Amino acid sequence: MEILVLLYGALALAILKLSFSWWISPFKTHQKLKTCGFGGPPPSFPLGNIQEIKKKNTNTLNSSSTLNSSTTTTTHDIHATVFPYFSRWQNSHGKVFIYWLGTEPFLYIAEPEFLKKMSSEVVAKKWGKPNVFKNDRKPMFGNGLIMVEGNEWFHHRHVVAPSFSPINLKAMASMMKESTEQMMERWITQINSSNREIDVEKEIIATAGEIIATTSFGMKDQKAREICEKLRELQMILFKTTRYVGVPFGKWFNTKKTLEAWKLGKEIDKLLLHVITNRKDSNNKEKDQKEDLLGLLLEANRKVDEKLGKTLSTRQLVDECKTFFFAGHETTALAISWTLFLLAVHEDWQIQLRDEIREVVGDNREIDTNALSSLKKMKWVMNEAVRLYPPAPNVQRQVREDIKVDNNFTVPSGTNIWIDVVGMHHDPTLWGDDVNEFRPERFMDDVNGGCNHKMGYLPFGFGGRMCVGRSLSFMEYKIVLTLLLSRFSFKLSPTYQHQPSIMLSLRPTHGIPLIVETLI
Ligand code: HEM
């Protein structure tokens, strides 16, 4: 009898707890947001607005033939293609509204002035990351820098950031050059066998994976390859399968994939643990630090230990290494791949960049990293490429303390925030009528590309949580592009289909097949 009472009691408690987190708490947040005047598409329980989000996208962009012609003005207009639901909801609810992922309400923001007013009230360590994503992406990022919060975030950032200083990054230039040259050798062999069509996205993602494995863990051996392959497999499982994030018991709708993701996460942790422990042992013995990110991280961690009496544990270092891989390789690879696509369509810019490279770098086979900063036009092109095709298409936050906006209303603690970077980068009210044209010169005299609001251009996020690896990606971008443009010319292949889509990052659904020729 007593056991039955205990069982019923436990059951009642569990039901109470679940109703609180799935219903009462989100409902209260929603009510508070509604009283502030925010509208949004009506949700249904328990899916929220997921059904509309999952509706098949019928919006296809222009074909390659149109892209090759002079009428390129509308072809980069991708918002309604990659986020059709946000585009529809914007039409009926404006640029700030509420939508639901399962039982989790999100405040959607594509209005930079609202974002500025809201974020000016919050210091970086007071921002959270949506719990629903932290749980879902745990096998991928663990408690690495992207996901940690509060004082713990401050501590991680303090240890990690110095590893990305330009002086430390210089040592990595040769690793980047070596991997790129190997890729170029493969291309030359392929071109010589009369096959000039190369899917540059596939190739560059693989090379960037190798670069990040070498620059992060200093490994070019079988172990590095194994880690990269497992990490990529994990990404496929998490972002290519139909999933119900935010829906109660959603992860069990596809039990097989959930278990596979957990298993892969554990295997990657084990491999990285082995690498880190070995490195720590060899550092103790040899006193020679390697100049890769792990070496720098271990060194910084030791220094912080002396200064603050606090270090990152080996477990935390594993999560940081995983974070570097995921946050670092695909984003940079996509920035390069989308650039090659844009240069293939806008050949005049290909010529301009090649001229600039000749002027700045000359025939020097050893790239001088100091000279890279003189590649001004290349920087405009990169800025424009990540404006039109931002590899990180959104930025997310969770409010950890009530935020007063304009002394007018309050965004309550617990609110999930979804910032639509693609939406803002393609908004004519911010950029003017030429918003969807490729015009790198808009960045000539203005780091914000002439955007009429400084928070309308956010390829690397904003505030204290802005991307820690951006200097690394600028360097990699310039090295890879310099090598490629010095050796090859690029044209769009007739097989190219313009269909950007979201798979965590903004990717070309059908790759980027280009016709590649060697330059004489
Ligand atoms: C073109 C390349 C890249 C793009 C577009 C990009 C974009 C972003 C964005 C949008 C954020 C979120 C910022 C925010 O929440 O405000 C971010 C954060 C981050 N990125 Fe990058 N990233 C790139 C390259 C890299 C590289 C190469 C690394 C490291 C190897 C890296 C590591 C990180 C980390 C660790 C964070 C979390 C920072 C924090 O929360 O303190 N990223 N990145």
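Just so you know, these numbers come straight off a predicted model, no measurement behind them.
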Visitor: Might you point out which heavy atoms bring Leu272 and Val318 nearest each other, and give the distance in Å?
Guide: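 Of all heavy-atom pairs spanning Leu272 and Val318, the closest is CD1-O, 3.9 Å.
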
Visitor: If I take atom NE2 from residue His329 and atom CD from residue Gln235, how far apart are they, to the nearest 0.5 angstrom?
Guide: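 The distance works out to 6.5 Å.
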
Visitor: Check whether any side-chain heavy atom of Met140 lies under 4.5 Å from a side-chain heavy atom of Leu504, and answer yes or no.
Guide: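 They are in side-chain contact.
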
Visitor: Do Thr415 and Lys32 come within less than 4.5 Å of each other through their side chains, counting heavy atoms only?
Guide: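 A side-chain contact under 4.5 Å is absent here.
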
Visitor: Testing the basics here: between Ile237 and Glu260, what is the closest heavy-atom pair and its distance to 0.1 Å?
Guide: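 Shortest heavy-atom separation between Ile237 and Glu260 comes out as CD1-OE1, 3.3 Å.
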
Visitor: Do Leu297 and Leu293 touch side chain to side chain, with heavy atoms closer than 4.5 Å?
Guide: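 Sidechains of Leu293 and Leu297: no contact.
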
Visitor: Are any non-hydrogen side-chain atoms of Leu506 and Pro391 less than 4.5 angstrom apart?
Guide: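 No, their side chains stay 4.5 Å or more apart.
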
Visitor: Can you give me the closest heavy-atom contact between Ala335 and Val386, atom names plus distance?
Guide: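 Smallest interatomic distance, heavy atoms only, reads CB-CG1, 3.9 Å.
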
Visitor: Examine distances only and state if a side-chain atom of Glu229 and a backbone atom of Glu226 form a donor-acceptor pair shorter than 3.5 Å.
Guide: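 No: the side chain of Glu229 does not pair with the backbone of Glu226.
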
Visitor: Strictly distance-based, threshold 3.5 Å: is any side-chain N or O of His155 a donor or acceptor partner for the main-chain N or O of Asn151?
Guide: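 It does not hold such a pair.
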
Visitor: Between Phe141 and Phe324, is the ring-ring contact (aromatic ring centres under 6.0 Å, His included) condition met? List the steps.
Guide: CA-CA 9 Å; Phe141 297 115; Phe324 290 165; over 10 Å; no

Visitor: Hey, are the side chains of His426 and Val422 touching, using non-hydrogen atoms and a 4.5 Å cut-off?
Guide: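 Yes, close enough: below the 4.5 Å cut-off.
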
Visitor: For the pair Thr509 (side chain) and Gln499 (backbone), establish whether a donor and an acceptor sit closer than 3.5 Å, ignoring hydrogens and angles.
Guide: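 Side chain of Thr509 to backbone of Gln499: a pair is present.
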
Visitor: Just verifying a value: how many Å separate Leu334 CG and Met503 CE, rounded to the nearest 0.5 Å?
Guide: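 Leu334 CG to Met503 CE: 9.5 Å, rounded to 0.5 Å.
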
Visitor: Just by distance, do the side chain of Tyr457 and the backbone of Asn383 share a donor-acceptor pair under 3.5 Å?
Guide: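 It does hold such a pair.
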
Visitor: Do the side chain of Asn448 and the main chain of Cys451 share a donor and acceptor less than 3.5 angstrom apart?
Guide: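 Judged by distance alone, no pair lies under 3.5 Å.
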
Visitor: Are any of the side-chain heavy atoms of His510 and Asp199 separated by less than 4.5 Å?
Guide: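 SC-SC contact between His510 and Asp199 ruled out.
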
Visitor: Counting the benzene-type ring for Trp, do Phe38 and Phe409 have ring centres under 6.0 Å apart?
Guide: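 Yes, the ring of Phe38 comes within the 6.0 Å limit of the ring of Phe409, centre to centre.
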
Visitor: Can you confirm whether or not the ring centre of Phe86 sits under 6.0 Å from the ring centre of Tyr99?
Guide: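 Yes; Tyr99 has its ring centre under 6.0 Å from that of Phe86.
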
Visitor: Just checking Phe154: does its CZ atom have more than 12 heavy atoms from other residues, nucleotides or ligands closer to it than 6.0 angstrom?
Guide: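 Open.
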
Visitor: So that I know where these two stand, are Tyr85 and Tyr108 an aromatic pair - ring centroids less than 6.0 Å apart?
Guide: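 Distance test on ring centres: not under 6.0 Å, no.
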
Visitor: Please assess Phe97 against Phe114 for the test ring-ring contact (aromatic ring centres under 6.0 Å, His included), listing each intermediate value before the final yes or no.
Guide: CA-CA 12 Å; Phe97 58 80; Phe114 180 87; over 10 Å; no

Visitor: Looking only at non-hydrogen atoms, find the nearest pair between Pro500 and Ile78 and report the distance.
Guide: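 The answer is CG-CG2, 3.9 Å.
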
Visitor: Could you grab the distance from atom CZ of Phe83 to atom CD1 of Ile502, nearest 0.5 Å is fine?
Guide: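 The CD1 atom of Ile502 is 4.0 Å from CZ of Phe83, to the nearest 0.5 Å.
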
Visitor: Show your reasoning for whether side-chain contact (heavy atoms from CB on, under 4.5 Å) applies to Val399 and Val122.
Guide: CA-CA 9 Å; Val399 177; Val122 191; over 6 Å; no

Visitor: Can a cation-pi geometry be assigned to Arg397 and Trp418, taking NZ or CZ under 6.0 Å from the six-membered ring centre and within 45° of the ring axis?
Guide: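 Judged by the rule, Arg397 and Trp418 form no cation-pi pair.
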
Visitor: State, with a plain yes or no, whether a side-chain heavy atom of Leu271 is found less than 4.5 Å away from one of Val275.
Guide: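 Of all side-chain heavy-atom pairs linking Val275 with Leu271, none is under 4.5 Å.
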
Visitor: Looking at Val160, is its backbone amide N or carbonyl O close enough to the side chain of Ser163 to form a donor-acceptor pair, meaning the two atoms are under 3.5 Å apart?
Guide: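 Such a contact is found between Ser163 side chain and Val160 backbone.
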
Visitor: Is there a donor-acceptor pair under 3.5 Å between the side chain of Glu401 and the backbone N or O of Lys126?
Guide: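 Flag not set: sc Glu401 to bb Lys126 has no pair under 3.5 Å.
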
Visitor: Taking the side chain from Arg387 and the backbone from Val435, do they hold a donor-acceptor pair closer than 3.5 Å?
Guide: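 Flag set: sc Arg387 to bb Val435 pair under 3.5 Å.
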
Visitor: Under 3.5 Å, is there a donor on one side chain and an acceptor on the other for His79 and Asp427?
Guide: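 Per modelled atom types, His79 and Asp427 side chains form no pair under 3.5 Å.
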
Visitor: Testing the basics here: between Glu330 and Ile205, what is the closest heavy-atom pair and its distance to 0.1 Å?
Guide: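 The pair with the smallest heavy-atom distance is CG-CD1, 3.9 Å.
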
Visitor: Verify, without hydrogens or angle tests, whether Asn301 (side chain) and Leu312 (backbone) share a donor-acceptor contact under 3.5 angstrom.
Guide: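 Present.
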
Visitor: At what distance, to the nearest 0.5 angstrom, does CD of Glu210 lie from SG of Cys228?
Guide: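 The SG atom of Cys228 is 8.0 Å from CD of Glu210, to the nearest 0.5 Å.
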
Visitor: Does the side chain of Lys134 reach to within under 4.5 Å of the side chain of Glu149, using non-hydrogen atoms?
Guide: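 With C-beta onward as the side chain, the pair touches.
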
Visitor: Under the 3.5 angstrom rule, does the side chain of Thr277 hit a backbone N or O of Leu273 as a donor-acceptor pair?
Guide: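 Looks like yes, one N/O pair under 3.5 Å.
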
